Amino acid sequence: MERHEYDVVVIGAGGAGLRAAIEARQQGKRTAIVCKSLFGKAHTVMAEGGAAAAMGNVNSSDNWMVHFRDTMRGGKFLNNWRMAELHAKEAPDRVWELEAWGALFDRTKDGKISQRNFGGHEYPRLAHVGDRTGLELIRTLQQRVVALQQEDEKLHGDPEAYIKVFAECTITRLLKDGDAISGAFGYWRETGDFILFDAPAVVLATGGIGKSYVVTSNSWEYTGDGHALALLAGAKLINMEFIQFHPTGMVWPPSVRGILVTESVRGDGGVLRNSEGRRFMFDYIPDVFKDKYATTEEEADRWYDDQANNRRPPELLPRDEVARAINAEVKAGRGSPQGGVFLDVSTRLPAAEITRRLPSMHHQFKELADVDITKEPMQVGPTCHYIMGGVEVDADTGAASVPGLFAAGEVSGGMHGSNRLGGNSLSDLLVFGRRAGAGAAGYVDGLAKRPSVTGVEEAKAEALAPLERTGGENPYEVHHELQRTMNDLVGIIRKSEEISEALQVVEKLKERAKNAASSGSRIYNPGWHLALDLRNMLLVSECVAKAALLREESRGGHTRDDFPGMSAGWRRKLLVCSAKPDGTSVTVEERAQPSMRGDLIGLFERSELEKYLTEEELAEYDAAVKES
Amino acid sequence: MGYKAKFRIWRGEGGEGRLEDFTVEVNEGEVVLDVIHRLQATQTPDLAVRWNCKAGKCGSCSMEINGRPRLGCMTRMSTFEESETITVTPLRTFPVIKDLVTDVSFNYQKAREVPSFTPPADVKPGEYRMQQVDVERSQEFRKCIECFMCQNVCHVIRDHEENKPNFSGPRYFIRIAELDMHPYDVAERKEPAQEEHGLGYCNITKCCTEVCPEHIKITDNAIIPMKERVVDRKYDPLVWLGSKIFKRQR
């Protein structure tokens with residue numbers, strides 16, 4: 001079997017993975033990047049709106065503290081505040097660094113990086129390139145990897161001496177030596193041959209879990225691999241009940257249902273209307289945001305030109321609020337003909353401006369739905385977009401509880417609390433990708449000796465099993481049933497009985513998945529690949545459902561029909577998932593959320609904190625204020 | 001709304017293969033990739049195809065549909081007659097791995113041969129100042145989703161394996177043009193474009209521009225201007241001819 005020795009193995013080649021790998025290589029570590037797709041195709045390419053960074057290029061009042069506050073509000077104060085702090089402070093440097101690596105962002109009149117408005121961000125904050133920012137980000141990082149390889153070729157005569165991409169290669173197990181990570185096992189998709197990485201540090205950067213849902217903006221790669229690999233290796237997942245349903249996915253034609261319609265449409269002036277032509281978002285401004293959002297269309301429209309004297313349009317509320325509102329309008333019978341609501345930019349901006357600012361949306365609707373967005377409204381509805389939950393990590397280094405294991409980006413948990421603001425994902429990738437790469441490099445430096453790999457034979461047997469069965473379950477059918485179950489029973493609005501029912505279905509599907517059979521050879525066999533991915537999707541679905549059942553409140557990306565209010569008591573609790581190495585017995589435990597550092601909580605007014613904190617916490621706050 | 005469509009799909013691995021016939025259900029609004037997924041789920045679970053975003057943004061599902069390079073996710077079934085047999089084959093310029101999946105490593109090799117963005121040593125991150133109008137030319141080329149259909153269709157290499165070592169192809173001509181037009185790039189790009197990347201092989205038939213799903217004007221905005229920049233130093237009869245035909249002057 002093919003075997004490679006590295007210092008750091010990064011699993012996933014989206015924004016977080018590439019930024020982590022670049023950092024590890026820049027710190028002199030021999031680094032492997034392992035990804036399921038071709039290099040440069042990761043899900044990051046689909047990010048549209050931009051990367052949030054308080055550079056203050058468009059409104060000079062912006063700074064890290066404003067960004068930090070917006071992030072905490074967006075996450076309904078459940079965020080890991082240290083991550084939110086680091087993110088807000090470091091995002092500008094990470095964006096500027098991309099520019100020095102060749103990224104070409106849209107510009108302001110004075111030649112700086114332009115910034116656009118987005119939901120939940122007080123000032124224009126998103127560095128962007130039209131509506132294809134993710135592509136720019138991934139291409140820039142991809143080209144930075146190539147630049148490092150060119151450097152290594154000059155220095156060592158081998159471009160792959162210090163950083164190598166293993167494309168179309170899937171990792172199925174992390175390997176350990178005692179408690180610590182010692183490597184990773186997987187297979188080449190092209191040949192089906194096995195591959196073994198012998199490495200003391202692994203960075204997970206595998207993205208999310210959207211493929212457990214039918215209606216999703218996520219690509220096939222989003223099967224929760226990193227979440228599952230971490231669980232199986234003994235790490236813990238937090239916040240798994242919080243899933244972001246992006247308010248605006250395409251709803252028609254059926255084959256494109258769920259594909260993302262960027263929030264930039266609203267950031268640039270687009271409005272949501274129901275079948276009666278009403279801008280319904282004015283009816284859905286929650287109490288916690290009452291003083292920050294316009295209450296009339298006139299004020300909302302004035303805001304685009306004069307942000308100092310007007311409040312924001314409610315279309316730019318955080319995503320969880322907008323998604324729930326659309327859901328409610330459709331349920332109340334005020335939806336569009338194809339089961340969504342109307343998103344209209346055609347009456348708000350001149351056609352030329354729409355095609356300049358939103359070129360890929362214009363293209364996407366024209367090509368896939370025969371809709372010209374410069375002339376008519378789009379029809380949109382919520383789509384499973386992002387999981388806030390993930391591997392519990394140390395904020396500063398990205399280290400998980402298992403020595404040698406690191407995680408960054410969507411697969412990690414905590415940064416976004418119960419709901420992520422648009423634009424905070426691309427900046428999250430950069431900030432914590434770099435930190436995880438540095439964390440892994442530092443960990444390797446501190447090791448007395450390299451750990452040795454174990455468990456290879458078991459991993460081989462597990463991977464080969466579906467090919468050796470005949471007449472077993474069709475993995476595609478098991479997958480479809482899981483997607484329908486999660487969509488219908490653990491979706492945007494949840495209730496106890498439905499979640500319990502979903503858990504029963506998941507149990508049955510786990511049994512069926514164990515019996516999944518794949519015909520054909522080992523060469524590029526998608527049926528086999530899916531059979532292996534089922535383990536991961538089922539495991540993360542179980543975590544989502546179990547945590548969702550326990551959390552008896554509604555907050556951000558977790559809405560309980562039977563517990564509609566937000567509870568200050570629950571804000572102090574995190575739900576932590578763990579599992580046995582064989583993937584059975586997922587357990588969920590409560591853990592106390594650490595209190596915010598004094599100088600950070602001091603950035604908020606007491607009147608705002610009262611909406612989120614318990615009396616006990618408020619008393620601590622008062623004492624701290626008095627002291628200072 | 002649904003109907004049964006006839007598909008003929010290239011199947012095979014290890015250098016051997018044949019076209020296989022399928023009859024498969026098609027529903028309203030579907031694209032070719034949806035139909036291939038239905039085949040996987042119901043008839044041929046091991047049918048190999050690359051795809052990712054299913055929204056025309058990642059450039060993974062390039063294939064030849066009725067002989068034309070297309071993205072499977074952006075080719076709507078409504079563009080075909082219901083009675084038509086739709087033939088789907090892998091990209092012809094690259095070696096087939098299995099079914100519709102080809103070995104596109106040629107492109108990654110060529111990517112590594114183009115020297116990276118080279119800013120002046122004294123500009124620090126955060127200090128870059130560029131006008132929108134000055135970045136727009138390069139931004140057009142950075143829209144590229146690397147579907148490699150321009151590489152696939154380019155007849156310099158489509159049926160001429162022998163040209164591959166000396167020819168980078170349209171994807172990398174726009175990369176070179178992007179860097180040459182970048183306001184802060186200081187590297188010399190013109191001479192190498194001609195001498196190392198084979199710009200001179202291109203005789204401006206615009207096949208690449210025609211297949212580009214991002215509608216990048218590869219020939220007009222990248223290749224011809226680069227040829228013109230090269231000709232400042234070296235006479236090239238094709239550019240001379242091109243400038244007469246297309247009446248372009250700089």
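For clarity, every value in this text was computed on a predicted model and none was experimentally measured. To find a chain, count down the sequence lines: A is the first, B the second, and so on, and within it residues start at 1.
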Query raised in the report: Does the pair B/Lys217/B/Glu140 count as a salt bridge with the N-to-O cut at 4.0 Å?
Result: no

Query raised in the report: If contact means a heavy atom pair closer than 4.5 Å, which residues of residues 117-127 of chain B contact chain A?
Result: B/Phe117, B/Pro119, B/Pro125, B/Gly126

Query raised in the report: At a heavy-atom separation under 4.5 Å, does A/Leu135 approach chain B through its side chain, its backbone, both, or neither?
Result: side chain

Query raised in the report: Non-hydrogen atoms of chain A under 4.5 Å away: do they reach the side chain of B/Val49, the backbone, both or neither?
Result: backbone

Query raised in the report: How are the rings of B/Phe173 and B/Phe167 set to each other: parallel, tilted or perpendicular (split at 30° and 60°)?
Result: perpendicular

Query raised in the report: Where does A/His479 contact chain B at under 4.5 Å (heavy atoms): side chain, backbone, both or neither?
Result: neither

Requested in this report: For A/Gln149 and A/Glu153, test the side chains for any donor-to-acceptor distance below 3.5 angstrom and give the result as yes or no.
Outcome: no

Query raised in the report: So which part of A/Ala167 gets closer than 4.5 Å to some heavy atom of chain B, the side chain, the backbone, both or neither?
Result: neither

**Report entry** Interchain contact, B/Ile145 with chain A, by part (heavy-atom threshold 4.5 Å)
**Finding:** both

Query raised in the report: Hey, are A/Glu168 and A/Lys41 close enough for a salt bridge, meaning a charged N less than 4.0 Å from a carboxylate O?
Result: no

Report task. Below 4.5 Å from any heavy atom of chain B, which atoms of A/Thr140 appear? Answer side chain, backbone, both or neither. Result -> both

**Report entry** Toward chain A, the part of B/Lys54 with a non-hydrogen atom under 4.5 Å
**Finding:** both

Query raised in the report: By a 4.5 Å heavy-atom criterion (distance strictly below it), what part of B/Ala55 contacts chain A: side chain, backbone, both, or neither?
Result: both

Requested in this report: Identify which part of B/Arg142 has an atom lying under 4.5 Å from any heavy atom of chain A, answering side chain, backbone, both or neither.
Outcome: both

Report task. Using the six-membered ring wherever Trp is involved, compare the ring planes of B/Phe148 and B/Tyr108 and label them parallel, tilted or perpendicular (cut-offs 30° and 60°). Result -> perpendicular

**Report entry** A/Asn474 versus chain B, the contacting section by heavy-atom distance below 4.5 Å
**Finding:** side chain

Report task. Check A/Arg144, A/Arg94, A/Arg107, A/Lys112 against A/Glu99 for a salt bridge (Lys or Arg N to Asp or Glu O under 4.0 Å) and give me the one that passes. Result -> A/Arg107

Report task. Run the numbers on B/Gln109 and B/Glu113 for side chain to side chain contact (heavy atoms under 4.5 Å, CB included), then give the verdict. Result -> CA-CA 7 Å; B/Gln109 179 58 40; B/Glu113 291 169 8; 3.3 Å; yes

Query raised in the report: Hey, is B/Arg129 close enough to B/Asp134 for a salt bridge, meaning N to O under 4.0 Å?
Result: no

**Report entry** Toward chain B, the part of A/Gln143 with a non-hydrogen atom under 4.5 Å
**Finding:** both

